Amino acid sequence: VYKRQDYNGDKVYVLSPSGDVSVFAEGFSAPNGLAFDSNGNLFVCDNTGNRIYTLDPAGNFIDTVIVTNPSGILKELDSDTMIFTQYSQNTLNKLSPDGVITQTHSAGVLNGPVGLAYDDTGDLFLGNFNDREIYKVIGDDLEYVATVPGPSGGRLGFIAFGGGVLWGTSFQGDEIYQIEQNYQDSVVLYAGSVPGNQDGPIAEATFNNPNGIITNSAGDSIYLSQYPGGEIRLISPGATSIKELESVETSVYPNPIRADLRVLSDRPFDHLEVFDLLGNVVFDMDLAVKSDNYLLSMADLKMGIYFLRLQDGNLVIAEQKLIKH
C-alpha cells in the first residue's frame with residue numbers, strides 16, 4: 001500500500017498494489033512531501049498551508065507543526081527525527097520527535113530544495129527543484145553531484161534511490177533519469193522523450209510532467225506520479241532502457257545484470273570491451289572466431305553503470321549501456 005498526495009487538492013490517498021485508490025485523509029491546502037516514522041505514523045508537508053501534520057496509521061491527525069513552505073520530507077536513518085526542506089526559504093531542517101525544529105543548512109547552493117533520498121551507504125542527497133541540481137549532504141557542507149537535464153525553465157521533481165543509483169524526474173522535461181551518485185555529472189536518460197501517457201516498453205513509453213518517484217531496493221519497480229493530471233505510472237520489473245547507438249541490431253540480456261550477460265548481434269564481432277563511466281576499460285577480449293552470440297561472465301564486476309562496445313576488426317559496430325546490480 002502506498003500513499004500519494006493531491007497537490008492541487010486537499011487529500012492524501014492510499015494506493016493499493018492492485019491499483020485501488022481511497023482517501024486516507026483530507027483537509028490540507030497543498031500536500032506535498034510524505035514520510036513515515038518507525039511507528040507507521042505519516043508526516044505530511046502541507047506546502048502552502050505552512051504546516052507539517054502527523055497522522056496515525058488510521059488517518060487521524062495527532063500533531064501539527066507550523067513551518068513556512070515545507071516541501072520534501074524523509075525519516076532520518078537511525079531515529080524518528082524527520083528531515084525536511086523549505087522550498088521558498090531554501091533551507092534543510094530536522095524535526096525531532098518532540099516537535100523541535102533545527103535548521104541544518106540554508107541558502108547558498110540551495111535553490112528551491114525539494115527531493116531527499118538516502119543511498120545504500122547512508123549518505124543523504126538533496127535535489128533542487130528550481131535549477132535541477134543534486135547535492136550530497138556531508139556534515140555542514142553540500143557537495144555538488146549532478147545537474148539533471150531539462151528544458152529551459154524546467155524543474156527537477158523528487159529523487160529516489162534504488163539499484164545502486166539515484167533516480168530523478170525531469171518535471172516539464174517528461175523524462176526519467178539515473179544519476180550515479182559517486183561520479184560528478186554522471187547522468188543517464190532512462191526513459192521518456194516527448195509528453196504523453198503511452199504505456200509499453202520502456203524505450204517507447206512517454207510521460208507527462210513526472211514529479212513524485214519511489215523505487216524498490218533493486219530499482220526495477222518504480223512508481224511515478226504525474227502533475228497536474230494525477231496519474232500514477234508503474235515501471236515494472238524487467239523493464240530495460242537499452243537504446244541502440246549504431247545501425248547494427250544488437251541486444252544484451254539480462255540488463256540490469258547480476259552474473260552472466262548474453263550478447264546478440266546481427267553482425268558478427270571479434271572484439272568486445274566493457275568500460276566504466278570514466279572511460280576505464282574493465283573488460284577487454286579478442287575472439288579467436290567471430291561470433292554473433294556470446295556469453296560473458298560479469299559476476300566479478302562491481303555494481304554500477306557501464307558501456308559495452310562491440311567491434312568488427314577496427315570498426316565499432318555498436319555500444320550499449322549496462323547496469324550491474
Side-chain angles (χ1 to χ4, degrees), residues 5 7 30-35 43 45-48 50 52 67-76 82-95 101-119 122-162 165-190 192 207 209-215 222 224-228:
Q5 69 275 5
Y7 186 83
N32 200 39
L34 304 174
F43 287 72
C45 287
D46 195 339
N47 182 252
T48 61
N50 301 312
I52 297 179
V67 59
T68 304
N69 293 137
S71 191
I73 191 166
L74 181 70
K75 177 189 167 307
E76 196 171 49
M82 310 303 290
I83 302 169
F84 72 93
T85 61
Q86 288 178 280
Y87 174 76
S88 298
Q89 286 65 37
N90 293 318
T91 66
L92 180 65
N93 314 272
K94 291 187 176 184
L95 171 62
I101 293 176
T102 303
Q103 185 181 101
T104 61
H105 301 77
S106 64
V109 297
L110 297 180
N111 188 358
V114 173
L116 294 168
Y118 279 109
D119 71 3
D123 289 326
L124 177 64
F125 295 84
L126 176 151
N128 284 335
F129 184 80
N130 291 341
D131 59 15
R132 307 187 306 280
E133 293 183 352
I134 295 176
Y135 289 86
K136 180 179 179 179
V137 181
I138 306 176
D140 295 332
D141 297 324
L142 296 172
E143 179 182 276
Y144 175 79
V145 174
T147 300
V148 173
S152 176
R155 303 289 188 257
L156 168 66
F158 285 79
I159 62 174
F161 178 83
V165 296
L166 292 171
W167 302 79
T169 54
S170 180
F171 183 64
Q172 298 170 318
D174 308 303
E175 295 169 334
I176 315 302
Y177 284 89
Q178 291 177 330
I179 303 97
E180 169 51 68
Q181 69 277 13
N182 295 316
Y183 297 94
Q184 193 172 100
D185 279 323
S186 175
V187 182
V188 175
L189 174 64
Y190 181 73
F207 304 89
N209 287 344
N211 189 22
I213 182 169
I214 58 173
T215 75
I222 305 172
L224 301 152
S225 65
Q226 298 184 157
Y227 174 83

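These numbers were taken from a predicted model, which means no experiment stands behind them.
- Looking only at side-chain heavy atoms (C-beta outward), Y118 and I83 come within less than 4.5 Å of each other.
- One distance of note links CG of D131 with CG of L110; it measures 9.5 Å at 0.5 Å rounding.
- Side-chain contact between N32 and Y87 is absent, with no heavy-atom pair separated by less than 4.5 Å.
- Atom CG of D123 and atom CD of Q181 lie 8.0 Å apart (nearest 0.5 Å).
- A donor-acceptor distance shorter than 3.5 angstrom exists from the side chain of S225 to the backbone of G212, with no hydrogens or angles considered.
- Not counting sequence neighbours, the partners of E76 by the side-chain hydrogen bond (donor to acceptor under 3.5 Å, both in side chains) test are S79, K94.
- For the pair I176 and I222, the minimum side-chain heavy-atom distance is 4.5 Å or more.
- Remark: the backbone N or O of V148 is paired with a side-chain donor or acceptor of R132 at under 3.5 angstrom.
- The side-chain heavy atoms of L116 and L92, taken from C-beta on, include a pair separated by under 4.5 Å.
- Closest approach of K75 to A35, counting heavy atoms only: N-CB, 4.2 Å.
- When all heavy atoms are compared, the tightest approach of P113 to L126 is CB-CD2, 3.9 Å.
- Counting heavy atoms from C-beta outward, N211 and Q226 have side chains that stay 4.5 Å or more apart.
- Residues N93 and T102 are not in side-chain contact: their nearest non-hydrogen atoms beyond the backbone lie 4.5 Å or more apart.
- Here the straight-line distance linking atom CE of M82 with atom CG of L74 works out to 7.0 Å at 0.5 Å rounding.
- Residues Y177 and Y190 place their aromatic rings such that the two centres sit no closer than 6.0 Å.
- The backbone N or O of T147 lies less than 3.5 Å from a partner atom in the side chain of D185, making a donor-acceptor pair.
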Checking side chain to side chain contact (heavy atoms under 4.5 Å, CB included) for the pair V67/F84: CA distance, chi angles, key distance, verdict? CA-CA 10 Å; V67 59; F84 72 93; 3.7 Å; yes
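- I213 and F158 make their closest contact through CG2-O, 3.4 Å (heavy atoms, listed as atom of the first residue, atom of the second, distance).
- Proximity of a side-chain donor or acceptor of N111 to a complementary backbone N or O of E133 within less than 3.5 Å is not detected.
- Side-chain contact between P70 and T85: absent, with no pair of heavy atoms (C-beta onward) separated by less than 4.5 Å.
- Residues satisfying the side-chain hydrogen bond (donor to acceptor under 3.5 Å, both in side chains) test with N69, not counting sequence neighbours, are S88.
- Formation of a donor-acceptor pair under 3.5 Å by the D46 side chain with backbone atoms of I52 is not found in this model.
- In this structure, W167 and G162 approach most closely via the heavy-atom pair NE1-O, 2.9 Å.
- Formation of a donor-acceptor pair under 3.5 Å by the T215 side chain with backbone atoms of A160 is not found in this model.
- A 4.5 Å side-chain heavy-atom check between Y135 and E143 finds every atom pair outside the cut-off.
- Between the side chain of H105 and the backbone N or O of G139 there is at least one donor-acceptor pair closer than 3.5 Å.
- Remark: of the listed residues I134, V114, I179, I134 is the sole one forming a side-chain contact (heavy atoms from CB on, under 4.5 Å) with I159.
- Scanning all heavy atoms of the two residues, the minimum distance from C45 to S71 falls at CB-O, 3.3 Å.
- Within the model, atoms CG of D174 and OG1 of T169 stand 10.5 Å from one another, a figure rounded to the nearest 0.5 Å.
- For the residue pair G150 and S170, the shortest heavy atom distance occurs at CA-OG, 3.8 Å.
- Rounding to the nearest 0.5 Å places CZ of F161 at 5.0 Å from CG of D119.
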